[in-house]
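Numbers restart at 1 for each chain; the letters A, B, ... are given by sequence-line order, proteins then strands. Note: hydrogens, waters and symmetry copies are ignored here, and every other heavy atom, side chains too, is used.
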Amino acid sequence: MKLKSDFYLNPDVEDIAQKLLGKILVTRFNGILTSGKIVETEAYAGVQDKASHAYNHRRTKRTEIMYQKGGTAYVYFIYGMYNLFNVVSNQAGIPHAVLIRAIEPVDGIEVMLKRRKLKQQKYNLSAGPGLLTQALAIDVNHSGLSLLNSAIWIEDQAVEITPREILSGPRINVGYAAEDALLHRRFWIKENPWVSKAR
DNA sequence: ATAAAGATCATT
DNA sequence: ATGATCTTTATG
């Protein structure tokens, strides 16, 4: 069942980052459906978080999306080649976001392989924030879309991921964030091979 | 107008 | 450890 608005209005971004683990991220573009189980996330805690694009109330054309109501997609382009997908959370005006860092493929694996230009399934299909967006065909044109609609959304699962199955650590490649780089705001499912290997 | 940096990844 | 590749942002 598609997650509804109240799930995304959660004011605790570290909590929602953990609750997104185990849920299914789905895209359906031109009738083509692809999806994967979320296995790794990172929480970005708005204006107080030195790692966040919205740190210190930074408000630009790009970051404007983060100030929208929870349940909006925030997608940005980085390093000249990658689109990174985030789930905006909390009420409008508070720029919380959760970066989806890795998924375990579920539906449309053949299509995803084609999009990634891979012959056979390996972990580099979708284990990494810049890779899963390719597999699901998400790009910056989708930034601002509502996750309550039928192009990009997240499905609830009967089986909840329990706190015992979740590990945490510092976020990846946020060295510019000074002391906030040390906070444990990266979460992943213990022993899941689809978690990114990045360091 | 210009320059620097970046929530990455594949390769050496 | 390095290179690819280009948008976004800050600064002048």
A/K2 with A/D156: basic N within carboxylate O range, under 4.0 Å: no
Give the nucleotide from the list [options] with an atom nearest to the side chain of [X].
X	options	answer
A/R58	B/dT8, B/dA10, C/dT9	C/dT9
A/Y79	C/dT9, B/dT8, C/dA4	B/dT8
A/M81	C/dT7, C/dT5, B/dT8	C/dT5
A/R62	C/dA4, C/dT9, B/dT8	C/dT9

Under 4.0 Å between a side-chain N or O of [X] and OP1 or OP2 of [N]?
X	N	answer
A/N173	B/dA7	no
A/T60	C/dT8	no
A/R101	B/dT8	yes

Donor-acceptor contact present, side-chain A/R115 to main-chain A/A135, <3.5 Å: yes
Minimum heavy-atom distance between A/M112 and A/P105, given as atom pair plus value: CE-CB, 3.8 Å
Look at all strands and tell whether [X] reaches a base, only sugar-phosphate, or nothing, counting heavy atoms closer than 4.0 Å.
X	answer
A/L99	base
A/G80	base
A/Y82	base
A/R59	nothing
A/R171	nothing

Provide, to the nearest angstrom, the distance between the [atom1] atom belonging to [X] and the [atom2] atom belonging to [N].
X	N	atom1	atom2	answer
A/R186	B/dT8	CZ	P	10 Å
A/N124	B/dT11	CG	P	9 Å
A/M66	C/dT9	CE	P	11 Å
A/L84	C/dT8	CG	P	13 Å
A/K61	C/dT8	NZ	P	7 Å

For C/dT5, the Watson-Crick or wobble partner whose two distances fall under 3.5 Å: none
Base paired to B/dA7 (Watson-Crick or G-U; both N/O distances under 3.5 angstrom): none
Any N/O donor-acceptor pair, A/Y76 side-chain to B/dA7 base, under 3.5 Å: yes
A/Y44 aromatic ring stacked with six-membered ring of B/dA7, 5.5 Å and 30°: yes
Heavy-atom side-chain contact between A/D12 and A/E14 under 4.5 Å: yes
Sole candidate of A/F85, A/F29, A/Y74 that passes side chain to side chain contact (heavy atoms under 4.5 Å, CB included) when paired with A/H142: A/F29
From A/I78 atom CD1 to A/T133 atom OG1, the distance as rounded to the nearest 0.5 Å: 12.0 Å
